[in-house]
Amino acid sequence: MPTSRAAAATALVATLVLTATACGGGSTAGGGGGGSPRTLTYWASNQGTSLENDRQVLEPELKRFEQQTGIKVKLEVVPWSDLLNRILAAATSGQGPDVLNIGNTWSASLQATGALLPFDQAAFGRIGGRDRFLPAALASAGAPGRDPAAVPLYSMAYGLYWNRKLFAGAGIDKPPATWEELVADGKKLTAGGRYGLVVEGGNVNENVHHAFVLAKQHGTDFFDAAGKPAFDGPGAVAAVKQYVDLLGTDRITAPGNAEYANNQSVTDFATGKAAMLMWQTAGANLASHGMKPEDYGVAPVPAPAGATGDRATTSMVGGINLAVFRSTRNTDGALKFVEFMTGTEEQTRLNKAYGSIPPVKEAQTDPAFATPELKALTEVLAAGARPLPQVPDESQFETLVGTAVKNLLAAAASGRPTTDDSVRAELTKAQQQMPAS
């Protein structure tokens, strides 16, 4: 999901999950927003450069749906800073939209509320079958062993963006393939006020995504097999320290990066202030700053040499899912809308507009997704990406561990050394704040 959403909203999940579960699929009094079989309400997330840009992209497509089905869709584009709060409030009251976008990392948390329609075999049959979707994208649609709570709509993956001109100037002819090479190259590229790598250290979601990937590379996870938090184990501590050391020990990242939280890292990379960037589908954003596709390359985020399985993880599975409120009074119309939005033609149109990767496999054959950037990221999504933990408390995990990393980066930026003990202390504190199971 996009990293610009406000992580603070996720703290509400703990207090609202029990209430929402108690109301099952929502009250029949009021139901979903679509009381008429000819009308649906749709909450879309902010995918474009502004809310108005999203309306410009979506409204012609919704008109096409109306022309095909006779069903009018009432659109509301909801900012990421408000979206989770709005969804949770709707889950408790049963007074929500018919169809809505959710960040895919929220899937299991929202599934636990019981407010979303499960996509069982019959529901998948209505939209063309589950085999149409990338397995990695479906893996971020709900808890393992349960019917998904949503279906993938837009997919994203992290890649390592590298500045070709700056690399050539430093005598480096290819991107790093291992973390050791990334640090070594970063030191060669750090000079004259320019840094080897830029990070978004004040953004808790960016932080937790990288901590998750590095923990996988260390052969561990932040939850044990029973779904209980295991934030401060040796592998997790090593992963977080490895990330924070980019700023504090390796010094290939500027101290000011500890405060970046509003995509400043993308701007720094696009303007030549940093030579490398780890980001999800950054091409459209880079273009808005005047950077041309030929100016940069995209490679997988480095993994350990010879790594296989989870240790070869190079990205979390990023993206947006499409869900149906269980309390809708227009299930038939809602599923028709999901079928339309996940159809091959519409998947091609929408993912072209947003510069994302279609999670519907057939749509990926369009030439628009054959750019060097998207080809590289599609390969990452298919082979190197793993879903964030699909557990009911995932939202709190993102906030708490992401904040712990933010605190450690801030400490490193102020000159305090990062040690195993200091990392463990922050992660233990985060674990202690998780809801009791």
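If you're wondering where the values come from, they're calculated on a predicted model, not measured in any experiment.
Distance alone, capped at 3.5 Å, places no donor-acceptor pair between the Thr418 side chain and the Ala412 backbone. The backbone N or O of Gly227 sits less than 3.5 Å from a side-chain atom of Asp224, completing a donor-acceptor pair. Here the side chain of Gln111 pairs a donor or acceptor atom with the backbone of Ala143 at under 3.5 angstrom. Side-chain N or O atoms of Arg132 include none that pairs as donor or acceptor with a backbone N or O of Pro359 at under 3.5 Å.
When only modelled atom types and interatomic distance are considered, Glu362 and Thr344 share a side-chain donor-acceptor pair under 3.5 Å. Gln47 and Ser45 share a side-chain donor-acceptor pair at under 3.5 Å. With no hydrogens or angles considered, no side-chain donor-acceptor pair links Asn321 and Asn104 at under 3.5 Å. Glu398 and Thr105 share a donor-acceptor pair across their side chains, judged by distance under 3.5 Å alone. A donor and an acceptor atom, one from each side chain of Tyr154 and Gln347, are nowhere located under 3.5 Å apart.
For the atom pair CG of Leu409 and CG of Leu247, the computed distance is 6.0 Å after rounding to the nearest 0.5 Å.
For residues 252-261, the side chain to side chain donor-acceptor pair (under 3.5 Å) pairs, not counting sequence neighbours, are Tyr260-Asp268. Judged as a ring pair (Phe, Tyr, Trp, His ring centres under 6.0 Å), the pairs with a partner in residues 226-247 (not counting sequence neighbours) are, in order, His210-Tyr243, Phe223-Phe231, Phe231-Phe397.
Salt-bridge formation is detected for the pair Asp245/Lys241: a Lys NZ or Arg NE/NH1/NH2 atom is positioned less than 4.0 Å from an Asp or Glu carboxylate oxygen.
Scanning for side-chain hydrogen bond (donor to acceptor under 3.5 Å, both in side chains) contacts around Asp421 gives Arg424, with sequence neighbours left out. Annotation: side-chain hydrogen bond (donor to acceptor under 3.5 Å, both in side chains) contacts of Asp250 (sequence neighbours excluded): none. Checked against ring pair (Phe, Tyr, Trp, His ring centres under 6.0 Å), Trp162 has the following partners two or more places apart in sequence or in another chain: Phe167. Applying the ring pair (Phe, Tyr, Trp, His ring centres under 6.0 Å) rule to Tyr42 yields the partners Phe337; only residues at least two apart in sequence or on another chain are considered.
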